[in-house]
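Please read these numbers as outputs of a predicted model, since none were measured by experiment.
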Amino acid sequence: ERMRVPVYEPSPVLNILKNSFRVRGGNEIDASFVENFVGSNATGELSVTDFDYVIGAATGAAILILIFILWLPCICFAGFCRKKSLGNKAEVVIFTVFMAVSCFGWLYAIGSFNAATNGVTGVLDESINLSNVGVKILETVEDGVDLVATMSDALDNATTGGCATLLNEAANNGQSFSLPDVSADVSGFNDEIGTIRDLLEGNTDKIEDAANTVDPYIEKANLGVLILCLSLVLLISLFTLSTVVRVVNPDTSLGFLVCLSKISGKLFFSVGILFMFLLLILLVAVSTGTVVGADFCVPDPKKEIERIGDLIIDQGFCNPNQPTSILCYYQKCVGPNPIEDYFNQSLGFSDDIELAINTTLTDISDVGTALINSGTSSITQADIDSCTDAVELALSPLLQVDDVVLDIFDLISCDNINPLMVGIFEEGLCNGVVAGAGAAWVTLATGMVALMAGLLTYRCFEFEYPIGGVVDGKRGGPVAIAAPVMEK
């Protein structure tokens, strides 16, 4: 039976990154790239096709590096444009616009980064939920094991207790009667359950350990980015305001503005260039990673997982003989559930035991009645009832095993697991982490380029000096040069 799988809609940011300009290569993760870096036969070497793909994915980062490299000599030798002044007001407006755009980039990046970390939180939460399902299955499995053990103990007690008299009398009177030996079926049941236990125990522990390791750092990362971006916005704002005051109204008598106008651009230039260099290193990694992530997430990460899986696994990602068939099933919710095979086999052992016990109950009645009618046995109806009651005690927990397995079927149903898979891969990883990081890189890059443009404008028009005259041959001195004195 097929459930209605939710329709995945990639974030607009992912579509933009997927279709972004690339100097070479395509926007699909190539087969050789997967084969060389994933799987048992991975070589870790880049083929020509792989190299083209990586270069294409890093196009945005390369453009940003080129802009930064060209900007550095421009900022050092900006004197060439000092004679091309557009007038004080126009110069200040241009400078202010660039710095405002830069501030917008840093502020918007806070929200984008939060979206990315929320995506990480979503992945962790859904992973924990998936782990909790595994824990619940384990608990239910243990209930089944305990019930089978209770059944086995009840049969042993019946042999030495309630059925002891009937067994002795049957043997003394030549009747072929014994309680069933279910040890082989019990062993088979426990083996199937043990396979499921081994499959779940290690993975649930790993998921919980990973989530507990990462989770404490998420809030710290958010706080760190918030403080960093707000500090930078504050610094840019003060620097911009001091420049505007110094250029537009250098003779102000207001104490605050006098103090503010004395803020030098030299310290800001030093801090700004160092910060942008460090940010550039981060953006190169983030931009390339988000483009590759968008290639994975658009148009559908489920199909991409299957395509990449087929490249890694010779017999196919969805091959029933492969462990990955479980992941394949929970992505599509089509066909039989591979995990149900283990439980169906355990149910088979349980049914065999139940049949043996029901047959034994019939034999108890037949053998007991035959012994009473023979007139040679001391057996009584009370002995028959005692044995029947003892064996039925073994049947009672066995009947509950079926209910336990049916509960497990509900837990492992695609209706229950698929939404968690969607939350991990589609909403958490793609629309959360990759889309958030992609938006953060775009806005941070925008803020960085705008800041570079603003600083270049600052140097180009000599905003370091207030308007009012010329000092040491430089435009903008605070006091005009006095006129020469005429000799008498």
Do [X] and [Y] touch side chain to side chain, with heavy atoms closer than 4.5 Å?
X      : Y      : answer
Asn337 : Tyr330 : yes
Ser152 : Leu155 : no
Tyr329 : Pro336 : no
Thr443 : Leu107 : no
Leu278 : Leu282 : no
Leu429 : Pro301 : no
Lys303 : Pro299 : no
Val449 : Leu64  : yes

Worksheet item: side chain to side chain contact (heavy atoms under 4.5 Å, CB included) between Asp389 and Glu392: does it pass, once the steps are laid out?
Response: CA-CA 5 Å; Asp389 292 342; Glu392 285 181 344; 4.0 Å; yes
Between [X] (side chain only) and [Y] (backbone N and O only), is there a donor and an acceptor less than 3.5 Å apart?
X      : Y      : result
Asn172 : Asn168 : yes
Asp407 : Thr140 : no
Asp383 : Leu166 : no
Thr290 : Ser287 : yes
Thr360 : Leu179 : no
Asn431 : Glu9   : yes
Thr288 : Ala285 : no
Ser386 : Gly162 : yes
Ser396 : Leu393 : no
Ser20  : Leu17  : yes

task = Before accepting this row, confirm whether a basic side-chain N of the pair Arg22/Asp295 lies closer than 4.0 Å to the acidic partner's carboxylate O.
result =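 Salt bridge flag = yes for Asp295 with Arg22.
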Atom pair [atom1] ([X]) and [atom2] ([Y]), whose distance is rounded to the nearest 0.5 Å:
X      : Y      : atom1 : atom2 : result
Gln400 : Met151 : CD    : CE    : 12.5 Å
Thr59  : Phe21  : OG1   : CZ    : 6.0 Å
Asp363 : Ile357 : CG    : CD1   : 12.5 Å
Leu395 : Asn358 : CG    : CG    : 5.5 Å
Leu138 : Asp143 : CG    : CG    : 11.0 Å
Asp415 : Asn418 : CG    : CG    : 8.5 Å

Practice item. Applying side chain to side chain donor-acceptor pair (under 3.5 Å), run through Asn222 and Thr117 and close with a yes or a no. Key: CA-CA 7 Å; Asn222 280 334; Thr117 54; 2.8 Å; yes
| message | Which residues pass the salt bridge (charged side-chain N to carboxylate O under 4.0 Å, His left out) test with Asp300, not counting sequence neighbours? | response |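 Partners of Asp300 by the salt bridge (charged side-chain N to carboxylate O under 4.0 Å, His left out) criterion, ordered by chain and then number, come out as Lys302.
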What verdict does the ring-ring contact (aromatic ring centres under 6.0 Å, His included) test give for Phe275 and Trp106, after you've listed the backbone C-alpha separation in whole Å, the side-chain angles of each residue and the deciding distance to 0.1 Å? CA-CA 13 Å; Phe275 175 81; Trp106 308 123; 5.8 Å; yes
Looking only at side-chain N and O atoms, does [Y] offer a donor or acceptor that is under 3.5 Å from a partner on [X]?
X      : Y      : answer
Asn416 : Ser413 : no
Tyr53  : Asn27  : no
Thr376 : Asn173 : yes

Q.
Please evaluate residues Thr121 and Asn118 with respect to the criterion side chain to side chain donor-acceptor pair (under 3.5 Å), reporting the C-alpha separation (whole Å), side-chain torsions for both, the decisive distance (0.1 Å), and the verdict.
A. CA-CA 5 Å; Thr121 301; Asn118 287 339; 4.9 Å; no
Minimum heavy-atom distance between [X] and [Y], given as atom pair plus value:
X      : Y      : answer
Glu169 : Ser378 : OE2-OG, 3.4 Å
Leu444 : Ala109 : CD2-CB, 3.5 Å
Leu167 : Ser178 : CD2-CA, 3.9 Å
Val367 : Ala170 : CG1-CB, 4.1 Å
Trp71  : Met452 : NE1-O, 2.8 Å
Gly438 : Val13  : C-CG1, 4.1 Å

*Verdict with reasoning, Cys297 to Phe425, per side chain to side chain contact (heavy atoms under 4.5 Å, CB included)*: CA-CA 9 Å; Cys297 293; Phe425 287 104; over 6 Å; no
**Request:** Could you please spell out the steps behind the side chain to side chain contact (heavy atoms under 4.5 Å, CB included) verdict for Thr388 and Ser365?
**Result:** CA-CA 8 Å; Thr388 300; Ser365 178; over 6 Å; no
Under 3.5 Å, which donor-acceptor pairs do the side chains of residues 225-239 form with other protein atoms, sequence neighbours left out?
from	atom 1	to	atom 2	distance (Å)
Ser231	OG	Ile227	O	2.6
Ser237	OG	Val233	O	2.7

Original post:
In terms of the angle between their ring planes, are Phe277 and Phe68 parallel, tilted or perpendicular, with boundaries placed at 30° and 60°?
Top reply: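 Phe277 and Phe68: tilted rings.
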Result of checking Leu420, Val214, Ile424 against Ser127 for side chain to side chain contact (heavy atoms under 4.5 Å, CB included):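 Only one option passes, and that is Ile424.
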Pair Ile384, Ile372 - check side chain to side chain contact (heavy atoms under 4.5 Å, CB included), show working.
CA-CA 10 Å; Ile384 297 173; Ile372 290 175; 3.6 Å; yes
(Q) Determine whether the aromatic ring centres of residues Trp441 and Tyr108 are separated by less than 6.0 angstrom. (A)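 Between Tyr108 and Trp441, the centre distance exceeds or equals 6.0 Å.
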| message | Taking side chain to side chain contact (heavy atoms under 4.5 Å, CB included) as the definition, give me every residue that meets it alongside Phe349, ordered by chain and number, with sequence neighbours left out. | response |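 Testing Phe349 for side chain to side chain contact (heavy atoms under 4.5 Å, CB included), a comparison that skips the adjacent residues, returns Asp185, Phe189, Glu192.
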